[in-house]
Structure formats: C-alpha cells, structure tokens
Amino acid sequence: MSLYILLIACVILICILLNKISSKLGIPMLLAFIILGMLFGSDGVVKIPFDNYVIAEQICSVALIFIMFYGGFGTNWNQARPIAIKSVLLSTIGVILTAFITGLFCFYVLGFEFFESLLIGSVISSTDAASVFSILRSKRLNLKDNTASMLEVESGSNDPCSYMLTVICLATMSGELSGGQLTYMIFAQLVYGILLGIVVAVVAVWILTKIKFSTDGFGTIFVFSMPLIAYALSTLIGGNGYLSVYILGIILGNQSIPNKKSLVHFFDGVTGLMQMLIFFLLGLLAFPSQLPAILLPSLAIAIFLTFIARPLVVFAILSPFKGTLNQKLLVSWSGLRGAASIVFAIMATVSPTYMKNDIFHMVFFIVLFSISLQGSLIPFMAKKWDMIDDEDNVLKTFSDYSDEVPVQFIKLPITSNHSWNGKKIKDIPLLPDVLLVLILRGDRRIVPKGHTLIQAGDCVILSALSLEEELGIYLTEVEVEKGNDWLGRSLSQIALGPEKLIILIKREDNVLIPNGQTIIKENDILVMSQL
C-alpha cells in the first residue's frame with residue numbers, strides 16, 4: 001500500500017513539474033500528462049499493468065463532474081451574454097451536426113457499421129473545456145469580438161449534449177429503446193437535467209448566504225459536495241447529470257457568495273488535478289503497440305473532423321450572425337477534443353454492446369492529434385488571422401477575474417481611554433487611503449457617517465489597500481519566561497534589530513496591539529514580523 005501511495009504522489013509531482021515545462025515549451029500541458037501515462041503503462045518504461053476499463057470509467061466519470069462544474073463556475077455570464085445564443089447553438093445543434101456528419105463519414109467512407117459510426121461521432125462531437133481554458137489562460141489570448149467567451153461557453157456546455165448522444169447510441173445498439181422510450185429519454189435528459197441543476201443551485205445559494213458555517217473551510221466542503229449531489233440526483237431520475245452540474249456551476253459562479261475567490265482557487269486546483277488524472281489514465285490505459293492497427297482510420301477521422309466537419313458546422317451556425325471570416329476560422333480551429341471524449345469512449349468500451357472497432361484507442365489517437373496539432377497552434381493561428389486584441393483581457397471572460405482593488409479589513413476595539421472615544425468620525429484624523437467602514441456596537445451594525453459618535457465598547461472596522469505581491473515577510477513567536485532580559489521593560493527599551501518588529505502580544509486571553517510604552521510581562525507571547 002505504501003508503495004502505491006508513494007507512486008501516486010510521485011506521479012502528481014511529475015505532472016506539476018510537466019505543467020511548468022510544457023508552458024515554457026509552448027505545448028498543451030494535457031499532452032504531457034498523456035505521454036507520462038504512456039510511459040508508466042504496460043507498453044511504457046515503468047510497465048504498470050492496468051487495463052481495467054470499469055474502474056477507469058468510474059474514476060473518470062467523477063473527475064468529469066468537477067471539470068464540468070468548474071466550466072460553468074468559471075464562466076462570467078456578463079461577458080458571455082452577448083454571445084450566448086451563438087455558443088448555445090454550437091454546443092447543441094453544433095454537437096448533433098458534428099456527430100452526424102462524422103458518423104456519415106465513418107459509415108460511407110470507412111465502411112463502419114451505421115450505429116457504430118454514429119457512436120464514434122457522438123463520442124468525439126464535443127470540444128474540451130479543460131484544453132481550451134488552459135490555452136486561453138496560460139497564453140493570455142486576448143481575442144477580438146468576444147471570441148474567447150464564445151469558445152469558453154461552447155466548450156464548457158457541449159459535453160452534456162455529447163453525453164446524451166452517446167447514451168442514446170449505446171441504448172439503441174443494445175436494442176433497449178423503442179420510439180416512445182427514446183422520446184422520453186431525450187425529454188428526461190434535458191428537462192430533469194436542467195431542473196435539478198437549478199433546484200440544487202438555488203438551495204446551495206440560500207444556504208451559503210443565510211447560514212454561517214461554524215468552522216472555516218466547511219463552506220468550501222459544502223460547495224464541493226454540491227456537484228456530486230446534482231449529478232447523482234439527476235442521474236437517479238433519468239436526467240443528464242453533467243447538464244445539471246454545468247448549470248449548477250453557472251448559477252453559483254455568477255452569484256455573490258461568501259469566500260468566492262477562495263472557492264475559485266480551490267476548484268481551479270481540483271480541476272487541474274482531475275485533468276491530470278483523466279489524461280494520465282488515458283495514457284495508462286492505452287497500448288501504443290495497438291495503435292498501428294487503428295492508425296489509418298483514426299487519422300482519417302481526425303483529419304476529417306478538424307478540416308471538414310468542424311468548419312462546416314461552425315460556418316453553418318455562425319454565418320447568419322454578424323461575424324468576421326477570421327473569427328469563424330479561429331472558432332473552427334479551436335475545437336479541441338479531450339477529457340469528455342475520453343470518458344465517453346471508456347463508457348462505450350465497458351458497455352455490453354458489441355463493437356467491431358477499438359473505439360478507445362481510436363479516440364485516444366484523435367485526442368492526441370487534436371491536442372498536439374490544434375492546441376499547439378491556436379496562439380499562432382490567432383495571430384495569423386489577426387484575432388488578437390491587445391486592449392482586452394481574456395481573464396475577464398472567467399468569473400474569477402476581478403478588476404477591483406484588493407482591500408484588507410482591520411478591527412479596532414475602542415476602550416474608555418481611547419483617543420477616539422466620544423469623538424465624531426469627521427473629527428478623527430485617519431491615515432491616507434484608510435476608511436472607517438463599519439461600527440459594531442453590541443448587536444448593532446452601524447454604517448458610519450461624518451456625524452456618527454464613537455463610544456467606548458465600540459468595535460471599529462477600518463479598510464485599507466492589501467498587498468498584492470509577496471514581500472518575503474514571515475511571523476515568529478517568542479514566549480517571555482522568567483529571567484528573560486526583556487521582562488519588565490517597555491518596547492522602546494528593547495533592541496530588536498532593523499528587520500524585526502513586535503506587532504502583537506498575546507497576554508492570557510487578551511490580544512494587545514503594542515506601542516513603544518507597552519511593558520513586557522512574564523508569560524507574554526510576542527508575535528514578531530521579520531524580513
């Protein structure tokens with residue numbers, strides 16, 4: 001067991017290192033995770049014998065829940081609203097057309113069976129949010145005409161449609177569906193999926209805004225559980241769990257909820273870990289020795305999808321709208337395949353439906369082709385087609401972007417001998433860029449005005465600009481014991497050196513902010529800042 005834990009930890013560390021290296025080399029980091037998985041796999045250097053598609057499907061399905069949730073949670077709806085109709089059409093009708101056109105190619109050109117052809121088209125019909133997000137962010141691709149928002153919303157929202165098509169194809173191939181059952185399945189997938197996502201989101205927002213958690217961090221754990229609940233409830237009643245999760249993310253990500261920035265950072269890390277997991281598992285499951293057998297048909301599908309099917313669909317959907325030719329070309333090129341296609345391919349592999357072709361390895365090759373070729377060239381193509389907007393900021397398309405100045409709040413208790421006691425706020429001299437924002441008086445919360453009188457027992461809340469950069473300051477604690485040279489002396493009499501400052505004293509159950517006249521007592525704990 002210890003050996004396996006050590007191996008997992010090493011893989012995570014290597015993935016983090018590869019993230020740095022891939023950014024410098026200009027290749028998508030997810031490609032590095034696939035290659036790492038191949039090196040660890042049965043045909044690789046480490047030769048880990050892993051071919052359990054059932055376990056892989058279960059793990060990847062859970063990982064995809066959080067990727068889908070963060071795809072919605074990170075979407076800034078204010079920025080996305082102008083292109084919402086285009087994105088929704090691309091993520092619904094676009095996915096269906098892509099699946100159908102690719103399926104026809106597999107059937108008529110490659111000679112696959114009809115439903116198996118449609119299944120392959122369905123599995124690879126959605127674009128990958130993780131790949132698109134990582135490239136837009138890491139390369140800071142500030143694109144014209146709200147193109148970044150369009151790609152973000154499309155790639156984040158089209159996986160549920162691809163999932164629905166995959167489920168319908170598998171059910172049809174197994175002979176489990178009649179016409180009426182097929183109609184109900186489509187109804188349930190869409191309606192139940194949407195309703196469950198909205199209901200869970202409304203409940204989650206109410207709890208987050210009305211209930212204060214007793215322990216720091218419980219709010220994050222609560223939000224972490226919401227995508228799992230939305231997916232599970234929706235799936236139990238026949239709905240589209242991934243659609244529920246995406247809608248939940250959209251609603252939560254665009255609400256004013258407590259600690260939102262910390263939630264963004266948390267789920268950014270979780271999603272990164274899930275991406276590592278899925279792409280590493282893909283490489284681990286793959287047998288490179290089997291790739292020659294599927295090389296030609298997979299290459300044909302990848303080329304057709306990239307240069308014919310995707311552009312046809314994009315131009316057909318976006319042409320009725322006002323848009324430039326270069327925008328359509330870039331959107332066509334940015335249709336990366338990735339995590340969702342992998343999960344749906346594994347789902348097809350573990351299904352009892354008989355298939356003549358090795359769908360998993362075919363999708364593996366297509367994803368590898370898409371990420372390595374399209375993903376690597378997106379920045380180049382954006383510049384070639386003059387789609388870079390130097391005056392814009394791509395991070396505005398994500399809900400974790402903030403153009404607000406960071407603010408730090410300070411609590412100041414007012415005692416009877418405090419110099420502010422009995423004074424009006426307008427008569428109190430404050431430091432520049434410091435504002436008195438709130439007065440806590442017993443159970444009352446007073447919004448201060450110039451004539452507001454400060455009283456003993458008040459707790460005054462001040463605001464000031466917080467640091468945005470790391471200054472290399474750290475804190476240390478020193479306990480003053482009997483016999484200490486500092487005992488009984490004031491702070492002004494203690495030589496600490498030029499890089500140290502006593503900023504707080506813990507005295508029994510009290511916390512003191514000291515000044516030069518503060519006397520050090522036995523058992524005091526001095527908190528010092530040091531460069």
Side-chain angles (χ1 to χ4, degrees), residues 212-220 258-259 261-262 405-531:
K212 182 175 176 59
F213 293 95
S214 58
T215 303
D216 291 341
F218 275 22
T220 301
N259 302 316
K261 280 200 170 184
S262 62
V405 177
V407 172
Q408 181 73 42
F409 294 101
I410 303 169
K411 182 174 70 173
L412 180 64
I414 304 297
T415 59
S416 58
N417 58 353
H418 196 283
S419 60
W420 289 5
N421 182 25
K423 289 187 177 181
K424 294 181 179 180
I425 291 178
K426 65 179 182 179
D427 299 327
I428 297 175
L430 292 173
L431 292 173
D433 300 323
V434 175
L435 180 67
L436 200 158
V437 295
L438 185 68
I439 297 175
L440 303 178
R441 182 172 294 164
D443 295 332
R444 296 174 59 196
R445 300 164 65 91
I446 302 173
V447 177
K449 308 294 181 184
H451 62 272
T452 304
L453 189 70
I454 296 179
Q455 302 176 6
D458 285 350
C459 184
V460 173
I461 308 299
L462 304 173
S463 70
L465 298 180
S466 62
L467 291 173
E468 295 182 274
E469 68 274 7
E470 178 59 52
L471 297 182
I473 300 174
Y474 63 93
L475 302 180
T476 58
E477 288 190 357
V478 175
E479 184 172 358
V480 179
E481 299 176 345
K482 188 175 182 179
N484 191 300
D485 292 339
W486 294 353
L487 195 60
R489 303 174 66 183
S490 65
L491 294 189
S492 61
Q493 297 173 321
I494 299 174
L496 292 175
E499 296 183 347
K500 291 183 179 181
L501 178 68
I502 298 175
I503 62 173
L504 184 144
I505 298 177
K506 298 178 183 178
R507 181 170 294 167
E508 296 179 349
D509 294 331
N510 299 318
V511 174
L512 308 177
I513 303 299
N515 55 42
Q517 305 306 313
T518 303
I519 304 298
I520 303 297
K521 296 183 179 180
E522 188 176 348
N523 297 324
D524 280 353
I525 297 178
L526 312 180
V527 179
M528 294 189 292
S529 64
Q530 180 174 338
L531 295 178

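The CD1 atom of I494 sits 7.0 Å away from the CG atom of L526 when rounded to the nearest 0.5 Å. In this structure, CG on N484 lies 9.5 Å from CZ on R489, to the nearest 0.5 angstrom. Going from atom OG1 of T518 over to atom CD1 of I502 covers 9.0 Å, rounded to the nearest 0.5 Å. I519 contributes atom CD1, which lies 8.0 Å from atom CG of L491 (distance to the nearest 0.5 angstrom). Note that the CD1 atom of I520 and the CD1 atom of I505 stand 4.0 Å from one another [nearest 0.5 Å]. To the nearest 0.5 Å, atoms CG (L453) and CG (N421) are separated by 8.0 Å.
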Verdict with supporting geometry, I454 and H418, side-chain contact (heavy atoms from CB on, under 4.5 Å): CA-CA 10 Å; I454 296 179; H418 196 283; over 6 Å; no
CA sep, side-chain torsions, deciding dist, call: N523, E479, side-chain contact (heavy atoms from CB on, under 4.5 Å): CA-CA 6 Å; N523 297 324; E479 184 172 358; 4.3 Å; yes
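Residues K424 and G450 come closest through the heavy atom pair CB-O, 3.8 Å. Closest of all the heavy-atom pairs between W420 and V460 is CZ3-CG1, 4.3 Å. L436 and P448 make their closest contact through O-CG, 3.3 Å (heavy atoms, listed as atom of the first residue, atom of the second, distance). The two residues S490 and G516 have their closest heavy-atom pair at CB-O, 3.5 Å. Scanning all heavy atoms of the two residues, the minimum distance from L487 to E481 falls at CD2-O, 4.5 Å. V437 approaches S463 most closely through the heavy-atom pair CG1-OG, 3.4 Å.
Counting heavy atoms from C-beta outward, K521 and V480 have side chains that stay 4.5 Å or more apart. Annotation: side chain of R445 is in contact with side chain of L440 (closest heavy-atom distance under 4.5 Å).
Looking only at distances, a side-chain donor or acceptor of D458 sits under 3.5 Å from a matching main-chain atom of Q455.
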